[in-house]
Amino acid sequence: MADPAGVFPQPEHSISGLPDRGRVLCRGFIESVTYVPATQVASFTAIVTDHDVPRGKVGFVPAAVEPPTARKPGGRGRRDRLRVVWLGRRRVSGVDPGCELRLEGMLTFRDGLPTMFNPRYEILSRQENQ
């Protein structure tokens, strides 16, 4: 039986405290989003961190200039960021740099970053100037 929407049975993790893999519930702030050109397969990517990004530092990243993944030798890569990918969508309404989200989904590692594909999400806050 499925849990009703809005009910989160497991404890909430910070982005830096995520496990290696498995179903997780976490909360964080959108640092950047990536829009892909119309010639590529539809996907929308956001980078999530534990802390709010200082004003003036948020932005949109073109798909060709996606943030580098700093791999640690012999390790699992960066642990201070989470990549969230919505496949089949070019935009997710309300998911913009600076907003706070609660995310639930399966966690995996791709290219040195913990990654969640098509998670359940709840928008917790928005920027004041919107």
Practice item. Quick one: do Asp80 and Ser16 satisfy side-chain hydrogen bond (donor to acceptor under 3.5 Å, both in side chains)? Show the steps, please. Key: CA-CA 5 Å; Asp80 59 342; Ser16 58; over 6 Å; no
Point to revise | From CA spacing to verdict: side chain to side chain contact (heavy atoms under 4.5 Å, CB included), Val84, Tyr121 | key: CA-CA 10 Å; Val84 181; Tyr121 68 96; over 6 Å; no
Would you give the length of the straight line joining atom [atom1] of [X] to atom [atom2] of [Y], rounded to the nearest 0.5 angstrom?
X: Arg90; Y: Tyr35; atom1: CZ; atom2: OH; value: 12.5 Å
X: Leu18; Y: Arg81; atom1: CG; atom2: CZ; value: 14.0 Å
X: Ile47; Y: Thr34; atom1: CD1; atom2: OG1; value: 6.5 Å
X: Asn118; Y: Phe44; atom1: CG; atom2: CZ; value: 12.5 Å

Does any non-hydrogen side-chain atom of [Y] lie less than 4.5 Å from one of [X]?
X: Cys26; Y: Leu82; answer: yes
X: Leu101; Y: Ile30; answer: yes
X: Leu107; Y: Arg23; answer: no
X: Asp20; Y: Phe109; answer: yes
X: Arg27; Y: Leu103; answer: no
X: Glu12; Y: Arg102; answer: yes

For the residue pair [X] and [Y], what are the closest heavy atoms and their distance?
X: Glu31; Y: Pro97; value: O-CB, 4.0 Å
X: Gly94; Y: Cys99; value: O-SG, 3.6 Å
X: Val95; Y: Arg91; value: O-NH1, 3.1 Å

Check your understanding: Could you go step by step and tell me if Thr45 and Trp86 meet the side chain to side chain contact (heavy atoms under 4.5 Å, CB included) rule?
Key -> CA-CA 6 Å; Thr45 303; Trp86 283 273; over 6 Å; no
Practice item. Report the C-alpha separation of Val48 and Ile15 in whole Å, then their side-chain angles, then the decisive distance to 0.1 Å, and conclude whether the side chain to side chain contact (heavy atoms under 4.5 Å, CB included) test is met. Key: CA-CA 8 Å; Val48 182; Ile15 300 300; 3.9 Å; yes
Check your understanding: Any chance the side chains of Arg83 and Thr115 put a donor and an acceptor closer than 3.5 Å?
Key -> yes
Point to revise | ILVMFWY clustering at 4.5 Å (side-chain atoms), partners of Val85 | key: Leu87, Phe117
Point to revise | Pairing residues for Arg89 by the salt bridge (Lys or Arg N to Asp or Glu O under 4.0 Å) criterion, not counting sequence neighbours | key: none
